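Report on the structure given below.
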Amino acid sequence: MSEELSFRERVWLIIAAIPYGRVTTYGEIARLAGSPRAARQVGGVLKKLPEGSSLPWHRVVNREGRISLQGEDFRRQQQALEAENIEFTQQQTINLDKYRWSGHL
DNA sequence: GGGCTGACAGCCT
DNA sequence: GAGGCTGCCAGCC
């Protein structure tokens with residue numbers, strides 16, 4: 001198929017498709033983007049994400065259901081998730097069995 | 001054009 | 001069962 005879209009652009013589209021109140025993992029996005037082993041690159045894309053992107057990047061967590069960010073970024077993402085009624089455990093972990101979005105709309 | 005870096009995931013000890 | 005190391009691939013210098 002035509003690969004006109006860059007891998008980075010595909011990641012944007014996938015993240016934009018994450019429903020409200022749900023989360024997904026870097027590996028899942030990489031898989032949907034066509035590169036199951038590119039989970040790390042997904043993070044790289046989000047790191048250089050334009051501020052005006054308006055993408056729900058906060059709905060992306062690691063395979064453990066935890067936020068991979070640190071410091072202030074960690075707090076911002078957590079608040080954004082809590083704003084969507086997503087519950088955190090005392091370990092600051094999300095129950096993926098409950099909130100995980102497998103790309104199935 | 002080549003090499004280094006890195007919002008992870010999986011395998012090994 | 002938990003912690004640590006390596007691998008992998010797209011971006012950027």
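Residue numbers begin at 1 in each chain, while the letters A, B, ... track the order of the sequences. This one's a predicted model, so the numbers in the text were calculated from it and none came from an experiment.
Rounded to whole angstrom, the span from the CD1 atom of A/Ile15 across to the P atom of B/dC8 amounts to 13 Å. A/Leu32 places its CG atom 13 Å from the P atom of B/dA9, with the value rounded to the nearest Å. Taking atom CD of residue A/Gln77 and atom C1' of nucleotide B/dC8, one finds them 14 Å apart after rounding to whole Å. B/dC8 atom P lies 9 Å from atom CD of A/Gln70, rounded to whole Å. With rounding to whole Å, A/Arg31 atom CZ is found 12 Å from B/dG10 atom C1'. Rounded to whole Å, atom P of C/dG4 lies 12 Å from atom CD of A/Glu64. Whole-Å rounding puts the A/Asn62 CG to B/dG10 C1' distance at 13 Å. One can place CZ of A/Arg66 at 12 Å from C1' of C/dG3, the figure rounded to the nearest angstrom.
For the side chain to side chain contact (heavy atoms under 4.5 Å, CB included) with A/Trp57, the qualifying choice from A/Val11, A/Ile18, A/Leu46 is A/Leu46, the only one to do so.
Between A/Glu87 and A/Lys98 there is a salt bridge, since a side-chain N of the basic residue sits under 4.0 Å from a carboxylate O of the acidic one. Ionic pairing of A/Arg59 and A/Glu84 is present here: one or more N-O contacts between side-chain nitrogen and carboxylate oxygen are shorter than 4.0 angstrom.
Considering only heavy atoms from C-beta on, A/Ser53 stays 4.5 Å or farther from A/Trp12 through its side chain. By the 4.5 Å heavy-atom criterion applied to side chains, A/Val60 and A/Ile29 are counted as neighbours.
With distances taken from any side-chain atom of A/Tyr26 to the nucleotides C/dC9, C/dG11, B/dA9, the minimum falls on B/dA9. Of the candidates B/dA9, C/dC12, C/dC9, the closest approach to any side-chain atom of A/Arg37 belongs to C/dC9. Checking B/dA9, C/dC9, B/dC8 against every side-chain atom of A/Ser35, the shortest atom distance belongs to C/dC9.
Pairing of B/dC11, defined by two Watson-Crick or G-U wobble distances under 3.5 Å, is identified with C/dG4. Under the Watson-Crick or G-U wobble criterion, with both distances below 3.5 Å, C/dC13 is paired with B/dG2.
A/Gly44 comes within 4.0 angstrom of no nucleic acid atom, judged by non-hydrogen atoms across all strands.
Contact annotation: A/Ser6 reaches the phosphate of C/dG11 (side-chain N/O to OP1 or OP2, under 4.0 Å).
Annotation: of the two residues near DNA chain C, A/Arg40 and A/Arg8, the 5′-most nearest-nucleotide partner is A/Arg40.
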